[in-house]
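First the structure, in the form of structure tokens, and then the observations on it.
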Amino acid sequence: MQMGQTGDRTADLQVNRAMSMKVLVTGGSGLVGRAIQHVVKEERGDKEGEEWIFLSSKDADLMNIEETRAVFKKHRPTHVIHLAALVGGLYKNMNSNLDFWRINIHINDNVLLVAHELGVVKVVSCLSTCIFPDKTTYPIDETMIHNGPPHESNFGYSYAKRMLDIHNRAYFKEHGRAYTAVIPTNVFGPHDNFNMEDGHVLPGLIHKAYIAKKEGQPFVVWGSGKPRRQFIYSLDLARLFLWVLCDYPEFDPIILSVGEEDEVSIKEAADEVIQAMGFEGEVQYDTSRSDGQFKKTASNAKLKRYQPNFKFTPFKQAIKETSDWFVANYDSARK
């Protein structure tokens with residue numbers, strides 16, 4: 001069901017190009033935050049009238065309303081990209097659904113409340129395709145978010161993220177606030193969390209391949225390798241985030257993803273990692289481990305209507321760049 005109607009209020013959500021922008025990025029030291037920082041500094045160059053602040057958990061505990069209010073008052077942003085969240089891979093979610101629900105609900109409520117209190121012009125939050133119903137038709141699109149329960153494995157995180165759409169809609173309906181959200185598919189890239197137990201699938205595979213190659217051990221992939229995913233390179237996502245911040249005219253969320261035709265199986269992703277890492281040993285699949293949700297194929301038709309000429313980094317190239325970064329930064333990488 002489509003819960004929101006943008007109507008003739010959509011123009012209000014576009015950024016006035018003449019105004020100066022002071023952008024505060026919560027979760028600025030994480031995977032997507034570091035990618036946005038790279039794109040802002042290395043690809044766009046200094047833009048007159050723009051200032052960017054990248055927060056980390058060291059700057060404020062966003063679970064605490066007073067600390068959240070204090071850091072916002074300190075920087076007085078005009079725009080916010082909200083990335084801060086408790087995140088983790090399949091197995092961490094399965095074991096900690098309550099924490100994922102409570103912590104993320106608190107963070108999101110505090111950030112949007114304080115943004116509203118201080119008159120922030122636009123907030124763009126980051127959701128996830130796990131918010132969509134588990135039992136659904138494919139491909140999923142933006143109109144289907146609230147059509148049924150998410151997958152049981154990560155319902156805490158999924159519902160907390162899904163509620164951001166309700167938050168945004170309420171602030172728009174009651175206060176005309178330009179608060180919206182993006183829904184990326186599986187993100188990966190430099191500065192990811194490469195923890196093999198709690199991280200997401202691709203960085204975990206890269207780390208496993210590194211260890212297996214170094215120690216001459218088999219490369220063990222958890223699960224059957226059959227589930228299918230759409231992966232988006234963090235630098236591509238960062239470029240699209242900037243477009244959404246400046247030019248996306250709706251409060252309804254938008255899926256940021258490669259096309260359905262670029263969906264790959266976990267086995268295909270593992271094969272790309274094996275090639276990128278130069279691993280030549282034995283490969284095993286531990287089918288005693290859960291596969292999680294088999295697929296969550298997302299449509300990027302809405303994105304293509306707005307950005308028909310956007311070019312995604314080829315998957316093979318993105319895997320190679322991420323693997324090379326991990327090897328070069330092994331000692332300091334999150335793992």
Side-chain angles (χ1 to χ4, degrees), residues 13 15 21-37 39-40 50-65 67-88 100-131 145 157-172 175 177-184 187 191 232 234 237-248 250-256:
L13 275 70
V15 170
M21 288 175 57
K22 190 173 188 181
V23 187
L24 185 148
V25 182
T26 71
S29 62
L31 167 63
V32 181
R34 294 294 290 265
I36 292 173
Q37 193 168 355
V39 170
V40 167
E50 277 190 20
E51 181 181 349
W52 290 77
I53 302 105
F54 292 87
L55 294 184
S56 74
S57 57
K58 297 177 182 177
D59 296 300
D61 176 8
L62 298 180
M63 281 273 287
N64 183 302
I65 185 63
E67 287 193 33
T68 306
R69 192 172 281 122
V71 79
F72 270 64
K73 285 184 175 180
K74 174 183 177 181
H75 295 291
R76 295 282 174 177
T78 62
H79 298 72
V80 171
I81 292 178
H82 176 37
L83 307 174
L86 175 65
V87 298
F100 276 92
W101 163 257
R102 295 189 65 251
I103 290 171
N104 287 310
I105 281 288
H106 278 300
I107 290 173
N108 297 340
D109 188 45
N110 288 345
V111 166
L112 291 187
L113 174 62
V114 173
H116 169 61
E117 288 176 349
L118 299 184
V120 170
V121 174
K122 187 167 185 177
V123 178
V124 181
S125 298
C126 191
L127 308 186
S128 164
T129 51
C130 70
I131 68 176
I145 294 172
Y157 178 80
S158 300
Y159 272 122
K161 284 292 188 179
R162 188 187 287 191
M163 289 304 103
L164 266 169
D165 180 51
I166 304 301
H167 251 112
N168 291 338
R169 179 165 283 102
Y171 275 113
F172 179 76
H175 303 287
R177 291 296 186 195
Y179 297 170
T180 188
V182 302
I183 310 172
V187 190
H191 303 283
I232 183 170
S234 59
L237 178 58
R239 296 167 188 129
L240 289 170
F241 245 111
L242 297 185
W243 163 73
V244 171
L245 184 70
C246 295
D247 292 311
Y248 178 60
E250 302 183 30
F251 72 83
D252 283 321
I254 184 168
I255 292 170
L256 302 182

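Taking CE from M163 and OG from S158, the interatomic distance works out to 10.5 Å, rounded to the nearest 0.5 Å. Between the CE atom in M63 and the CD1 atom in I65 there is a gap of 11.5 Å [rounded to 0.5 Å]. Note that NE2 of H79 and SG of C246 are 7.0 Å apart. Values are rounded to the nearest 0.5 Å. How far OH of Y159 is from CD1 of I131: 11.5 Å, rounded to the nearest 0.5 Å. Rounding to the nearest 0.5 Å gives a distance of 15.5 Å between OH of Y179 and CG of D165. Within the model, atoms CZ of F172 and CD of E250 stand 10.0 Å from one another, a figure rounded to the nearest 0.5 Å.
Counting heavy atoms from C-beta outward, H191 and V32 have side chains that stay 4.5 Å or more apart. Side-chain atoms of W243 and Y248, non-hydrogen and from C-beta on, do get closer than 4.5 Å to each other. The closest side-chain heavy-atom distance from F241 to V39 is not below 4.5 Å. Residues D59 and I53 fail the side-chain proximity criterion, which asks for heavy atoms closer than 4.5 Å. The shortest distance between side-chain heavy atoms of V25 and Q37 does not fall below 4.5 Å. You'll find the side chain of N110 stays beyond 4.5 Å of the side chain of N64, heavy atoms only. A 4.5 Å side-chain heavy-atom check between V114 and K73 finds every atom pair outside the cut-off. Here the side chains of F54 and S29 are not in contact, with every heavy-atom distance at 4.5 Å or above.
The shortest non-hydrogen separation linking T180 to K122 is CG2-CE, 4.2 Å. Closest heavy-atom contact between P253 and I145: CG-CD1, 3.5 Å. Here the closest non-hydrogen pair linking L83 and G33 is CD1-N, 3.4 Å. Taking every heavy atom of both residues into account, I254 and V244 meet most closely at CG2-CG2, 4.3 Å.
A side-chain donor-acceptor contact under 3.5 Å links N104 to the backbone of L86. For K161 (side chain) and C126 (main-chain N/O), a donor-acceptor pair under 3.5 Å exists by modelled atom type. Distance alone, capped at 3.5 Å, is enough to place a donor-acceptor pair between the K22 side chain and the H75 backbone.
Using a 30° and 60° split on the angle between ring planes, F100 and Y157 fall in the perpendicular class, above 60°. Under the 30°/60° scheme for interplanar angles, the aromatic rings of Y171 and H167 are found to lie parallel.
With sequence neighbours left out, the side chain to side chain contact (heavy atoms under 4.5 Å, CB included) criterion links H82 to T26, V80, A84, I107, N108, V111, V123, S125. Residues that satisfy the side chain to side chain contact (heavy atoms under 4.5 Å, CB included) test with I255, not counting sequence neighbours, are F132, E142, I183, S257, A298.
No option in I81, L55, V120 other than L55 meets the side-chain contact (heavy atoms from CB on, under 4.5 Å) test with L24.
Applying the salt bridge (Lys or Arg N to Asp or Glu O under 4.0 Å) test to residues at least two apart or on different chains, the pairs with a partner in residues 105-118 are R69-E117.
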